[in-house]
A.B. asks: 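This is the structure, below, for whatever I ask next.
Numbering starts at 1 and runs along the sequence shown.
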Amino acid sequence: MALSDHEYVNFSEDYELNYHLRKVGKSESIANRTALRAIGSELKGRLNKTYLTHAEFHSSIKTQLHRLS
């Protein structure tokens, strides 16, 4: 099964991380993108997954808003 570009988060693309920041009303700063990459890495470890869907990632972000400015 091939990965769909639209279904999974590409953490190397700032515009994808900015999309998630806009969804939660946070600034599109370097610090926030760095925090999102850390949140994504931690979630991948907890779920024992290599790739995260946008839905999985967004649900996790909503529980970690205190880490974003």
A.B. asks: Taking all heavy atoms of N32 and all of K26, pick out the closest pair and write down the distance.
C.D. replies: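 Heavy atoms of N32 and K26 come nearest at ND2-CB, 4.0 Å.
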
A.B. asks: With distance as the sole test, does T63 use its side chain to make a donor-acceptor pair with the main-chain N or O of S60 at under 3.5 Å?
C.D. replies: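 At least one qualifying donor-acceptor pair exists.
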
A.B. asks: Starting at CG of L43, measure out to CG of L36 and round the result to the nearest 0.5 Å.
C.D. replies: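 CG of L36 is found 11.5 Å from CG of L43.
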
A.B. asks: Is the shortest side-chain heavy-atom distance between H6 and H54 below 4.5 Å?
C.D. replies: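 H6 vs H54: side chains apart.
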
A.B. asks: Just so I know, are the side chains of L21 and I61 near enough to count as touching, which here means a heavy-atom distance under 4.5 Å?
C.D. replies: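 The answer is no, as the side chains (C-beta and beyond) never meet within the 4.5 Å cut-off.
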
A.B. asks: Determine the sole option in R22, R33, H20 for which the side chain to side chain donor-acceptor pair (under 3.5 Å) test with E28 is passed.
C.D. replies: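 So, applying the side chain to side chain donor-acceptor pair (under 3.5 Å) to E28 and each of R22, R33, H20, only R22 qualifies.
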
A.B. asks: Check whether S41 reaches the backbone of R37 with its side chain - one donor and one acceptor, N or O, closer than 3.5 Å.
C.D. replies: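 Judged by distance alone, no pair lies under 3.5 Å.
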
A.B. asks: Could you measure the distance from the OG1 atom of T34 to the CG atom of L68? Nearest 0.5 Å is fine.
C.D. replies: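 Spacing of OG1 (T34) from CG (L68) equals 11.0 Å.
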
A.B. asks: Output all residues satisfying side chain to side chain donor-acceptor pair (under 3.5 Å) with H58, sequence neighbours left out; order by chain, then residue number.
C.D. replies: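 H58 satisfies side chain to side chain donor-acceptor pair (under 3.5 Å) with no residue once adjacent residues are dropped.
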
A.B. asks: Just verifying a value: how many Å separate E56 CD and K49 NZ, rounded to the nearest 0.5 Å?
C.D. replies: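 E56 atom CD to K49 atom NZ measures 3.0 Å (nearest 0.5 Å).
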
A.B. asks: Name the orientation class of the two ring planes belonging to Y51 and Y8 (parallel below 30°, tilted from 30 to 60°, perpendicular beyond 60°).
C.D. replies: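 Rings of Y51 and Y8: perpendicular, over 60°.
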
A.B. asks: Just wondering, are more than 12 heavy atoms of other shown residues or ligands nearer than 6.0 Å to CG in L65?
C.D. replies: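 Above 12, so yes.
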
A.B. asks: Where do Y19 and F57 land on the ring-ring contact (aromatic ring centres under 6.0 Å, His included) test, with the steps shown first?
C.D. replies: CA-CA 12 Å; Y19 165 76; F57 187 47; over 10 Å; no

A.B. asks: Testing the basics here: between A38 and R67, what is the closest heavy-atom pair and its distance to 0.1 Å?
C.D. replies: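 Looking at all heavy atoms of both residues, the closest pair is CB-NH2, 3.7 Å.
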
